[in-house]
Enquirer: 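Next up is a structure, given as structure tokens.
First listed ligand is number 1; within each ligand, the first listed atom is number 1.
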Amino acid sequence: MDWKKLQNLTKKDIRKSCEIIARDEKTIPEATAIKYFPMAVAKAKGSLVWDADGNRYIDFLTSAAVYNVGHGHPAVLEAVKAQMEKLQNYTIVYFYNDKPVQLAEMLTASIPGDFPKKAAFGFGGSDAVDSAIKAARAWTGKKWILSFKDSYHGMTYGSLSATGIVDSRTKECLCPDSRIAFAEYPDPYRNSWGIDGYMEPEKLTEAALGTVRQTVANLEGGLAGILIEPVQGDGGMIFPPGAFMQRLSDFASQQGVVFIDEEVQTGMGRSGKMWAIEHYGIVPDLIVSAKALGGGMPVSALVGRADILDSVPVPFFAYTHTGHSINCAAAAATLETIQKQNLAKQATEKGERIAQWFREKAQSFPFIGDIRQQGLLIGVDIVSNKKKRTPDKAMALKISWAAWERGLILITFGKNGNVLRVAPPLNIPDELLDEALEIMNASLEDAAGGKVPEDILPLLKGW
Ligand SMILES: Cc1ncc(COP(=O)(O)O)c(C=O)c1O
């Protein structure tokens with residue numbers, strides 16, 4: 001990335017950020033990042049972030065849907081400090097510790113289902129997906145996992161193998177797990193069947209289930225589990241028809257396989273409920289959680305049916321730092337904050353307000369093609385032709401560049417790289433939300449009015 005060129009395209013002083021970026025590029029491999037703006041983050045509090053040069057931003061990315069409770073939430077900081085002074089951690093691979101036990105109790109109580117439950121811990125979404133794959137295989141004695149095209153599940157071997165959004169030929173050089181099959185996720189707005197899933201959700205459900213049945217039939221009884229995001233996040237915030245999710249879950253039970261609800265991005269209140277799967281009234285066998293779970297600390301959890309989790313042979317969930325005391329203390333404080341302050345309700349109210357705002361803006365900005373929202377899971381699909389729903393990645397990047405320039409962190413994502421990702425903290429104060437929407441308006445005008453230099457496009461990677 002030519003950051004020096006980018007530096008010339010902004011009015012901001014970003015010299016300190018650029019120094020850090022130059023050092024980063026010498027020492028940290030490129031594969032670590034899909035970089036957007038020339039910005040090194042130095043400080044954050046609540047819904048605000050400052051870069052190394054002191055520029056202030058409102059955070060509509062929350063470190064990739066991590067800070068549901070905001071940056072540096074006092075309850076999380078307090079829990080971390082108290083735990084740090086008492087005991088950093090002692091491995092639960094050999095002994096016992098109350099912090100992971102407390103978190104397991106809280107998590108098992110938070111998920112749907114009237115059966116004995118347990119929780120296994122890790123550090124990020126990727127390893128928790130790996131654990132889910134292990135559990136499905138151990139419990140069924142079968143090998144195949146059904147995943148979905150354009151899904152994102154992580155970058156460890158198992159989770160990367162199950163990730164659909166990465167080009168399979170590129171992935172091939174890493175020799176991924178070959179026993180993962182992919183079916184098309186029912187995207188109501190754009191799909192290979194040419195069905196308008198908003199107008200005909202039943203038809204889309206039928207088409208997608210047909211593909212699932214066919215794919216599974218080809219596995220000749222070898223299916224162990226179905227791994228699915230209840231809303232496809234990095235795919236571009238895609239909401240499948242409710243009937244599809246319900247019938248897929250029924251199909252999993254009929255087949256006697258494990259239904260894995262992958263909530264790394266959608267969980268912890270962001271959808272307007274603690275877990276997005278609750279919107280469908282489904283009881284999954286296992287739920288995968290990470291990102292927002294730790295309130296900024298690295299912790300993941302695989303929560304669900306005790307019999308399935310207990311089928312994994314000893315010691316295949318044993319990592320030295322699993323159930324780390326500080327991370328678990330932070331997660332318990334985060335969960336408690338979300339529950340006690342009813343942040344899911346705030347997500348519902350703020351999300352509706354933002355979606356309504358975009359619906360009004362769509363009257364004057366024809367490139368706003370589709371607004372997808374549930375709570376503060378929001379994707380705004382930018383198109384060059386509204387009728388044909390043609391993705392416009394360049395316009396989406398211009399909007400996000402203009403927003404960054406004006407002090408709002410807003411990136412793009414999606415299978416076509418053309419979706420604005422709106423993911424503020426669930427407790428963003430009203431006055432900051434007002435300010436963010438003013439910036440958003442000015443950014444839409446900048447992009448529409450040709451005020452964003454074309455020269456940024458070759459320099460921004462984006463999804
Ligand atoms: C849905 C989903 N699953 C899994 C992951 C991987 O999580 P991590 O990056 O914490 O390993 C991500 C990360 O973006 C995600 O969005």
Side-chain angles (χ1 to χ4, degrees), residues 28 31-36 60-68 120-134 136 145 147-166 171 174 176-177 180 182 185 187 225-240 245 260-271 275-277 284 286-303 319 321-322 324 327 330-331 334 372 374-379 411-415 417 419 421-423 461-463:
I28 297 180
T32 313
I34 306 168
K35 288 270 162 61
Y36 278 82
F60 263 22
L61 176 61
T62 48
S63 189
V66 164
Y67 292 96
N68 286 10
F121 297 112
F123 316 98
S126 307
D127 63 60
V129 168
D130 286 1
S131 293
I133 295 173
K134 285 179 195 169
I145 300 294
S147 184
F148 287 83
K149 292 181 184 165
D150 303 311
S151 59
Y152 187 90
H153 294 297
M155 287 294 134
T156 51
Y157 256 99
S159 62
L160 168 62
S161 305
T163 288
I165 202 165
V166 181
K171 219 160 67 171
L174 302 176
D177 182 338
I180 313 261
F182 291 90
Y185 196 86
D187 176 351
I226 298 179
L227 172 66
I228 188 162
E229 295 165 88
V231 181
Q232 243 182 16
D234 292 352
M237 213 47 83
I238 312 292
F239 294 85
M245 290 300 288
I260 306 160
D261 170 34
E262 211 275 48
E263 298 244 15
V264 171
Q265 190 162 157
T266 54
M268 298 295 287
R270 181 162 287 282
S271 74
W275 306 106
I277 201 78
L286 299 174
I287 293 186
V288 185
S289 176
K291 286 194 187 271
L293 174 61
M297 297 299 283
V299 57
S300 67
L302 175 64
V303 198
Y319 310 108
H321 285 303
T322 192
H324 192 282
N327 297 347
T334 306
R372 302 189 278 270
Q374 187 173 64
L376 284 169
L377 289 171
I378 305 175
I411 70 162
T412 55
F413 66 172
K415 54 191 167 188
V419 179
R421 179 177 195 176
V422 180
K461 251 193 210 169
W463 267 83

Enquirer: With heavy atoms only and a cut-off of under 4.0 Å, state how Asp234 meets ligand 1: side chain, backbone, both or neither.
Expert: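 For Asp234, the contact with ligand 1 is made by the side chain alone.
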Enquirer: Numbering the atoms of ligand 1 from 1, which are under 4.0 Å from a heavy atom of Gly154?
Expert: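 Near Gly154, meaning under 4.0 Å from one of its heavy atoms, ligand 1 has 6 (C).
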Enquirer: Can you tell me how far apart CD (Gln232) and OG1 (Thr266) are? Round to the nearest 0.5 Å.
Expert: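 Gln232 atom CD to Thr266 atom OG1 measures 11.5 Å (nearest 0.5 Å).
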Enquirer: For ligand 1, which atoms have a heavy atom of Lys291 less than 4.0 angstrom away?
Expert: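 Near Lys291, meaning under 4.0 Å from one of its heavy atoms, ligand 1 has 12 (C), 13 (C), 14 (O), 15 (C), 16 (O).
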Enquirer: What distance separates Arg421 CZ from Gln265 CD, expressed to the nearest 0.5 Å?
Expert: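 CD of Gln265 is found 4.5 Å from CZ of Arg421.
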Enquirer: Can you pull out the closest protein heavy atom to atom 15 (C) of ligand 1? Residue, atom name and distance to 0.1 Å, please.
Expert: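 Checked against all protein heavy atoms, atom 15 (C) of ligand 1 sits closest to Tyr152 CD2, 3.7 Å.
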Enquirer: Could you tell me, atom by atom, which parts of ligand 1 come under 4.0 Å of a heavy atom of Val264?
Expert: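 In order of numbering, the contacting atoms are 2 (C), 3 (N), 4 (C), 5 (C), 7 (O), 12 (C), 15 (C).
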Enquirer: Show me which atoms of ligand 1 lie under 4.0 Å from any heavy atom of Glu229.
Expert: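 So the answer, numbered in order with elements, is 1 (C).
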Enquirer: Would you mind reporting whether Tyr152 and Trp463 have side-chain heavy atoms less than 4.5 Å apart?
Expert: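 Yes, side chains in contact.
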Enquirer: For ligand 1, is there an atom lying under 4.0 Å from some heavy atom of Val129?
Expert: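 No, Val129 has no heavy atoms under 4.0 Å from ligand 1.
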Enquirer: If we only count heavy atoms from C-beta on, is the Phe239 to Leu377 side-chain gap below 4.5 Å?
Expert: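 Phe239 vs Leu377: side chains touch.
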Enquirer: If I take atom CG from residue Leu227 and atom OG from residue Ser147, how far apart are they, to the nearest 0.5 angstrom?
Expert: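 Those atoms lie 5.0 Å apart.
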Enquirer: Looking at side-chain heavy atoms only, is the closest gap between Ile277 and Met245 below 4.5 Å?
Expert: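 In short, these two side chains touch, coming nearer than 4.5 Å.
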Enquirer: Test of understanding: given a 4.0 Å heavy-atom threshold, classify the contact between Glu262 and ligand 1 as side chain, backbone, both, or neither.
Expert: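 For Glu262, only side-chain atoms sit under 4.0 Å from ligand 1.
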Enquirer: If you compare all heavy atoms of Ile165 against all heavy atoms of Gly235, which two are closest, and at what distance to 0.1 Å?
Expert: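 Between these two residues, the closest heavy atoms are CD1-CA, 4.0 Å.
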Enquirer: Is it the side chain (CB and beyond), the backbone, both or neither of Ser126 that lies under 4.0 Å from ligand 1, heavy atoms counted?
Expert: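 Answer for Ser126: both.
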Enquirer: Atom 16 (O) of ligand 1: which protein heavy atom is closest, and how many Å away?
Expert: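 Checked against all protein heavy atoms, atom 16 (O) of ligand 1 sits closest to Gln265 NE2, 2.9 Å.
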Enquirer: To which protein heavy atom is atom 10 (O) of ligand 1 closest, and what is the distance rounded to 0.1 Å?
Expert: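 Heavy-atom neighbour on the protein nearest atom 10 (O) of ligand 1: Gly125 N, 2.9 Å.
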Enquirer: Check ligand 1 against Gly124 and write out every atom of the ligand that is under 4.0 Å from a heavy-atom position of the residue.
Expert: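 Those qualifying, in numeric order: 10 (O), 11 (O).
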Enquirer: Just how far is it from atom OG1 of Thr322 to atom CZ of Phe123, taken to the nearest 0.5 Å?
Expert: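 The OG1 atom of Thr322 sits 5.5 Å away from the CZ atom of Phe123.
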